[in-house]
Every structure is written in structure tokens, then in C-alpha cells.
2 protein chains.
Amino acid sequence: MNKPERLRATDVAYSSIRQGLAAGRWPAGSHLRETELAAELGISRTPVREALRKLASEQLVQFEPHLGARVPGWSDRDLEEIFALRVELESFAAGRAALHASPGQVAVLRQLAQDIEHAAFGGAEPDYVRITELNNRFHRLIVAAAGNRRLDSLIATLIDIPLVVRTFARFDRQAMARSVSHHFDLVEAIAGGNADWAVAVMRAHIHAGRQVMLGTPAGGSAGQAD
Amino acid sequence: MNKPERLRATDVAYSSIRQGLAAGRWPAGSHLRETELAAELGISRTPVREALRKLASEQLVQFEPHLGARVPGWSDRDLEEIFALRVELESFAAGRAALHASPGQVAVLRQLAQDIEHAAFGGAEPDYVRITELNNRFHRLIVAAAGNRRLDSLIATLIDIPLVVRTFARFDRQAMARSVSHHFDLVEAIAGGNADWAVAVMRAHIHAGRQVMLGTPAGGSAGQAD
DNA sequence: TGGGACTATGATGTATACAATGCCTTCCGC
DNA sequence: GCGGAAGGCATTGTATACATCATAGTCCCA
């Protein structure tokens, strides 16, 4: 019955390297050598190469001809650019989700919001790993509920990247509480079909996240994403 | 100083296939066989394969494991999704460009707007190929002037795709004239550093383009929150 | 005659060998 | 001692051989 679910070496390499990147396994600027990775994973260079090219297309590694893949360093400017795009794309997604989300999706969103709250405040210490994963699912579900299939691939990498270098551990108790309440606001706005509300909340939510991650004010002339 | 710029087989394959797609060489649903393309281009499967994967990451071909690459059919829904994203991303870009564009960039934009006008109305017949290319450069330059490097890669594929299946030949004389005037509006808004104006013009410009390409009113789901 | 399994075929997935490129060291000349 | 050029070495780019999978056609059996 249960077929071996043979997975391709390319996928193994891709998820393995991606996970390593997310875990900060290689310092910024590291040279990811195809031979090394292949040997480590017990496969040949070919699938490793494909995985690296795919990661490069998502800008998770930098690629230069004849030089190979390097781990990019995430500057404040990079993060500013990413947050600026997230403000636009995710607020758009939230607005569309308010119009198109199914009752089932809304129910899952509400459950996720509750789970995030529990992971943040249910124990003595926030479970940052779980928060990250749940938050990720929450945002991705809103994007999915927007019903614009192309939006998924555009946003996918933008959501993950900031958390590679800046984690939820940067959120103090108050910032975390505000973030949690944003999620409940979003659920209500989407459940009520109020696109304008959903857009506004999401814009505010991403801006707040940016503030925590980057610290500097976004409005000033100096810290702008440009 | 100008080095021979040796081009890799991968790049040859990529641009060749991409060009073929843009020219409508293969009908929607066609199976792009690696062996065939390799033989035709006089290279091996390896670089062809890499090129196809890259095109797949841009969603210019569809990829399924063990089945290979297929030419996607562009449904009205696809185009709707693309235009919806262009409205968001390019208007954002226009606003940023108004704040950050250099005088040189503004000058080039103005020249491009004039060139487009000339290509459209300078001769007996509009030069659609030239219009397409100039229009492309105009929009890309605005994106570049926005100063958000990540925006480039996000928008790149969105600008090209609609023109694969729907060309400027769909613009009648009046629609073309309006499009041309939008371009001049954009130049003025950006030259004057008026971000709000630039955003508004670009939103209107993309919506107008959508109307020509798709014909149907953008109502219903598109009545989204802005 | 219909249906299911098997096999033939051709495609993609992977491994490996070879070519080309870039970098670094070393050696020569000054 | 310094500068530059040449060559070796490590790495990526490409080609090719082999493995695996999907599909279609055929044959056998009920």
C-alpha cells in the first residue's frame, strides 16, 4: 500500500541546503561547493547543482558564473527592501482574502492565531521555534486564501528570509502581545469580509514587525529602503 | 577592456527557449523535450535542463517530476492575476521612483516616452515590435529607479508574460494615445518627485492595459481595497 | 469481447568523466 | 624586495552514459 514515496535527490538537496541556510549553518559569504555538498549528502553534483540554482532563483544564495554559490549577507537594506515589499504584497493578499476566504480557511486562521498566542504566552518561555512555524503558516494561508496563485511564489521567499537572521526572540513581551492581537484583528477582518480593514491591519502588522526587526524608524529619510 | 564575454551554453539555451516562448513558437500544452532542444541547439541536455528549470522558476514553463516541461496556457484568470499584481507592484515602484529617480533616469524615461509615441504614431502603421520593446524598457526603468533591488526579479516575469499572448496590436488608436499620454504623465510625476501622483497614474495605466488585454470589466473580485 | 497486466519505448533523473575557467602560488626578471 | 607572468590546482560548466519512471500498446485470460 504505502509506496516507498521515492523522493528525488534534487529535492533532498534542496530542502537540506535550505534548512541549513535557515539554521545559519554557513556564515554569510561562505562558498557553497557543489562537491562538498554532494559528498555530504551522498549524491552526485548534478542534483546539488539543480538545488543551488533553484535557491539562487529565490535569492537565498548568490550565484556568479564560474564562481558558484555564496551565502548572501542580509544587510539592513536588504531587510528594508523585503519588508517594503511585504507591506505591499501581504496587505494586498489580506484584502483579497477578506473577499475570497472560505469558512474553513477562516477557521484554520483563527485556530492558528490561538495557537500562536499559546506558544507565546502559554508557558514560562515563548516557544520561538513553534511561533515561527505557526506564524509562517498563518501568513501563507492568508496568501493562499487571496486566490492569486502567482502571489504564492512571489511572497514565499520574502516571508522566510527575515527570520533567517532576525528571529522572534527579538520580540519583547509587549511587542509579542501586539503581534498576537494583530493576528486576531486579521481573522476578524477577513471573517467579516472587510477588505479595507484587512488591508489596514496587515500593513500595520508588517510595519510593526519591521520596527522590531530593524529598530530604526521607517519614516525618516535616512533609513528608507532605497 | 571589453572581455570576450564568453557565453555559457546554459544562457544560450535559456534565451533561445525564452525567445521561442515569446514568439509563440510552441502551442500551449506542448511538451518541451530536453533531447530535442539540445539537439537543435547543438548542445547537451545538461544546459538545456538548467535553462528549463530557470524558466520554470519564472513560471514561463510548467514543470512536473518525471514529466518534464510543458508550455502553459495563459487563461484569462492567469492574466487577471498578473495584472492585479502589476497594479500593486508597479504603482509601488512608481511611487518610490518619484522619490529616488536620478535626473539621468528621468531624462531616459522622457526620451523613451517620446520614442514610444513616435513608434506608435510616427509612421503609417504602429511598429508593434518596437513599441513592445520600448514600453518594456520604460516600465523596467521605473522599477529600477525605485531602488528596491528585489522588486526587479519579482516584476521581471510579470511584465513580459501578458505580451506573449496579448500584444499591443490589441490597442486601437485611441487606447494607444491614452497609453502614450500615461507615460508622459508618469514622467512628469516622477520628475516632480510627486509619489502620490506617480502611484495614481501607474495604477490607472495598468488598469487601462488590463482593460484592453482582457476586455471584460474588472469588477467583482477586483473591486478590492485600495 | 472486455479488462488487466506486462512489456516496449522514450522520456526524465542521476552519476561520472572531461573541458574550461578563475584563483593562487611560484618563479623569473628587474 | 617588488612586480608580473606563467603554470598548477580547485571549482564550475558541459557532455555522456546509465538508472528510473511514465505511458502506450499488446497480449493473455476470463
Side-chain angles (χ1 to χ4, degrees), chain A residues 1-21 25-73, chain B residues 1-21 25-73:
Chain A
M1 286 290 180
N2 214 359
K3 81 161 60 172
E5 186 63 29
R6 172 160 187 79
L7 34 97
R8 299 175 305 164
T10 299
D11 300 328
V12 173
Y14 173 78
S15 47
S16 172
I17 298 169
R18 197 181 207 280
Q19 194 171 351
L21 289 169
R25 177 179 163 189
W26 302 282
S30 299
H31 192 172
L32 295 181
R33 272 168 273 264
E34 297 173 358
T35 310
E36 280 184 16
L37 294 168
E40 178 188 330
L41 295 168
I43 57 181
S44 80
R45 272 180 56 211
T46 308
V48 169
R49 195 176 162 77
E50 266 191 23
L52 286 174
R53 302 306 270 250
K54 186 173 181 184
L55 290 165
S57 77
E58 299 172 1
Q59 300 190 307
L60 286 169
V61 302
Q62 287 175 334
F63 222 91
E64 274 186 289
H66 294 288
L67 298 179
R70 302 191 85 85
V71 178
Chain B
M1 44 172 77
N2 217 359
K3 76 163 66 171
E5 189 65 29
R6 171 164 187 76
L7 36 96
R8 298 174 303 164
T10 299
D11 300 327
V12 173
Y14 173 79
S15 47
S16 172
I17 298 170
R18 196 181 208 281
Q19 195 171 350
L21 289 168
R25 177 179 164 191
W26 302 281
S30 298
H31 192 171
L32 295 182
R33 273 169 270 265
E34 297 172 357
T35 310
E36 281 183 17
L37 294 169
E40 177 188 329
L41 294 168
I43 57 181
S44 79
R45 273 180 56 212
T46 308
V48 170
R49 196 177 163 75
E50 267 191 21
L52 285 174
R53 301 307 268 251
K54 187 172 181 185
L55 290 165
S57 77
E58 300 171 0
Q59 300 190 308
L60 286 170
V61 303
Q62 288 176 332
F63 221 91
E64 274 185 289
H66 295 287
L67 297 180
R70 302 191 86 86
V71 179

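Chain letters run A, B, ... following the sequence lines, proteins first, then strands; residues in each count from 1.
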Donor-acceptor pair, side chain of B/H31 and main chain of B/L67, under 3.5 angstrom: yes
Where do N or O atoms of nucleotides 11-13 of chain D meet protein N or O atoms at under 3.5 Å, pair by pair?
from: D/dT11; atom 1: OP1; to: A/R33; atom 2: NE; distance (Å): 3.4
from: D/dT11; atom 1: OP1; to: A/R33; atom 2: NH1; distance (Å): 3.3
from: D/dT12; atom 1: OP1; to: A/H31; atom 2: NE2; distance (Å): 3.3
from: D/dT12; atom 1: OP2; to: A/E34; atom 2: N; distance (Å): 3.4
from: D/dT12; atom 1: O3'; to: A/H66; atom 2: N; distance (Å): 3.4
from: D/dG13; atom 1: OP1; to: A/H66; atom 2: N; distance (Å): 3.1
from: D/dG13; atom 1: OP1; to: B/R8; atom 2: NH1; distance (Å): 3.0
from: D/dG13; atom 1: OP2; to: A/R49; atom 2: NH1; distance (Å): 2.6
from: D/dG13; atom 1: OP2; to: A/R49; atom 2: NH2; distance (Å): 2.7
from: D/dG13; atom 1: N7; to: A/R45; atom 2: NH2; distance (Å): 3.0
from: D/dG13; atom 1: O6; to: A/R45; atom 2: NH1; distance (Å): 3.0

Whole-Å gap separating P (D/dT20) and CD1 (A/I43): 15 Å
Nucleotide D/dC21, atom C1' - distance to CG of A/L7 in whole Å: 14 Å
Distance test, side-chain N/O of B/T46 to OP1/OP2 of D/dT14, below 4.0 Å: no
When rounded to the nearest 0.5 angstrom, what is the spacing between [atom1] in [X] and [atom2] in [Y]?
| X | Y | atom1 | atom2 | result |
| --- | --- | --- | --- | --- |
| A/E36 | A/L41 | CD | CG | 11.5 Å |
| A/D11 | A/E50 | CG | CD | 9.0 Å |
| B/E58 | B/L21 | CD | CG | 10.0 Å |
| A/F63 | A/L32 | CZ | CG | 9.5 Å |

